[in-house]
Each structure stands twice: as C-alpha cells, then as structure tokens.
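The block underneath contains the structure these notes are about, expressed in structure tokens.
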Amino acid sequence: QVQLVESGGGLVQPGGSLRLSCAASGSIFSIRVMGWYRQAPGKERDLVASITAGGRTNYAESVKGRFTISRDNAKNAVYLQMNSLKPEDTAVYYCNADVTDRRSWYRVYDYWGQGTQVTVSS
C-alpha cells in the first residue's frame with residue numbers, strides 16, 4: 001500500500017558528509033512520524049533520528065550535533081543530513097514512516113525502505 005524509496009547512501013571518508021533522502025508514496029492519509037534507523041553487521045537496528053509531522057525531532061545520542069533530520073510534508077519526504085561522519089556510522093540506513101493508510105481502514109502501520117548502505121572509511 002505504501003512504498004518508501006531511499007537515496008543518497010555511499011562511501012565517504014571520515015569527516016565527510018552525506019545526505020539521505022526518502023520519499024513515501026501510495027495510499028497515504030497522513031504520516032505522523034518519519035525517521036531513520038541504522039543497522040551495522042551483527043547489531044540491532046537502532047533509531048538514528050525521527051521527526052513528527054509538526055517538526056519535533058529526536059536523535060540518538062551518538063549523532064547529536066552531527067546529523068540533522070528534516071521533513072517535507074507536502075512531498076511525504078524525510079531527509080538526513082550527516083556531517084562529521086565517523087567509521088562507527090557505517091551501517092545500512094533504513095527509512096521508516098508511521099503511516100495512516102487510507103486503504104486499510106485508516107489504521108496506522110510502520111513502513112520501511114529497503115535500506116541504503118553508508119560506509120565511512122579512509
């Protein structure tokens with residue numbers, strides 16, 4: 001019913017920057033929360049940052065001051081600007097959206113993107 005398409009991942013040197021983008025499409029009535037998660041090999045998938053429809057943000061402690069999440073409600077899009085990247089930021093990054101689905105009796109579901117690889121290495 002809803003699809004999330006991500007872009008912007010890649011290889012970057014320590015201290016560099018990347019900007020991730022994610023756009024949601026489909027049977028969307030509204031999206032309360034959008035966010036980014038990441039998962040490194042052998043580790044759990046953890047929240048990186050989230051943002052509500054009203055613009056309230058939350059960040060993992062490890063990325064505060066370095067990453068910035070933003071949102072374009074008109075485009076159903078969310079972005080993650082990643083600065084001062086560190087090797088420990090290397091992971092697959094997943095877009096997530098808390099969607100009220102108009103084709104599922106307006107129930108709320110979490111949808112996930114396919115993931116995009118971010119590698120920080122010298």
Side-chain angles (χ1 to χ4, degrees):
Q1 302 290 343
V2 175
Q3 300 80 42
L4 304 181
V5 179
E6 302 161 330
S7 62
L11 175 65
V12 65
Q13 293 184 331
S17 298
L18 287 172
R19 181 176 175 85
L20 305 183
S21 300
C22 173
S25 62
S27 54
I28 299 168
F29 179 77
S30 64
I31 305 178
R32 179 181 178 274
V33 181
M34 303 187 79
W36 291 93
Y37 290 70
R38 67 186 182 188
Q39 186 169 23
K43 297 184 178 180
E44 296 181 348
R45 185 177 299 185
D46 294 325
L47 175 70
V48 178
S50 65
I51 184 168
T52 69
R56 184 177 298 275
T57 59
N58 287 301
Y59 295 92
E61 290 294 327
S62 60
V63 307
K64 286 183 177 179
R66 299 188 298 120
F67 292 9
T68 302
I69 190 169
S70 60
R71 176 170 173 168
D72 186 337
N73 291 335
K75 297 180 179 179
N76 289 322
V78 64
Y79 310 94
L80 186 68
Q81 179 66 45
M82 303 185 294
N83 298 325
S84 301
L85 283 161
K86 303 175 181 179
E88 51 262 44
D89 295 318
T90 296
V92 177
Y93 284 69
Y94 296 90
C95 179
N96 171 260
D98 178 9
V99 178
T100 301
D101 192 333
R102 62 180 172 85
R103 294 185 181 177
S104 188
W105 295 274
Y106 298 95
R107 291 187 291 180
V108 179
Y109 296 96
D110 282 338
Y111 288 91
W112 294 89
Q114 78 286 347
T116 184
Q117 178 71 48
V118 172
T119 302
V120 184
S121 177
S122 60

How would you list, by chain and number, every residue that makes a side-chain hydrogen bond (donor to acceptor under 3.5 Å, both in side chains) with Asn83, sequence neighbours excluded?
Ser17, Gln81
Give me the other members of the hydrophobic cluster that Val92 sits in, counting Ile, Leu, Val, Met, Phe, Trp and Tyr linked by side-chain heavy atoms under 4.5 Å, directly or via other members.
Tyr37, Leu47, Tyr94, Trp112
Could you tell me which residues satisfy salt bridge (charged side-chain N to carboxylate O under 4.0 Å, His left out) with Arg66, sequence neighbours excluded, listed by chain and number?
Asp89
Not counting sequence neighbours, which residues clear side-chain contact (heavy atoms from CB on, under 4.5 Å) with Ser121? List them please.
Leu11, Thr119
Write out all pairs satisfying ring pair (Phe, Tyr, Trp, His ring centres under 6.0 Å) with one or both partners inside residues 52-72, taking only residues at least two apart or from two chains.
none
Tell me every residue that passes side-chain hydrogen bond (donor to acceptor under 3.5 Å, both in side chains) with Thr52, counting only those two or more places apart in sequence or in another chain.
none
Under the side-chain contact (heavy atoms from CB on, under 4.5 Å) test, which residues partner Val108, sequence neighbours left out?
Asp98, Thr100
Does anything in residues 41-121 pair up under disulfide (SG to SG under 2.5 Å), and if so which pairs, sequence neighbours excluded?
Cys22-Cys95
Qualifying residues under side-chain contact (heavy atoms from CB on, under 4.5 Å), relative to Ser70, sequence neighbours excluded:
Arg19, Tyr79
Could you work out, with side-chain contact (heavy atoms from CB on, under 4.5 Å) as the rule, every residue matching Arg102, not counting sequence neighbours?
Ser27, Phe29, Tyr106
With sequence neighbours left out, the residues meeting salt bridge (charged side-chain N to carboxylate O under 4.0 Å, His left out) with Glu88 are none
Sort and list the pairs that fulfil salt bridge (charged side-chain N to carboxylate O under 4.0 Å, His left out) and have at least one residue in residues 42-64, not counting sequence neighbours.
Glu61-Lys64
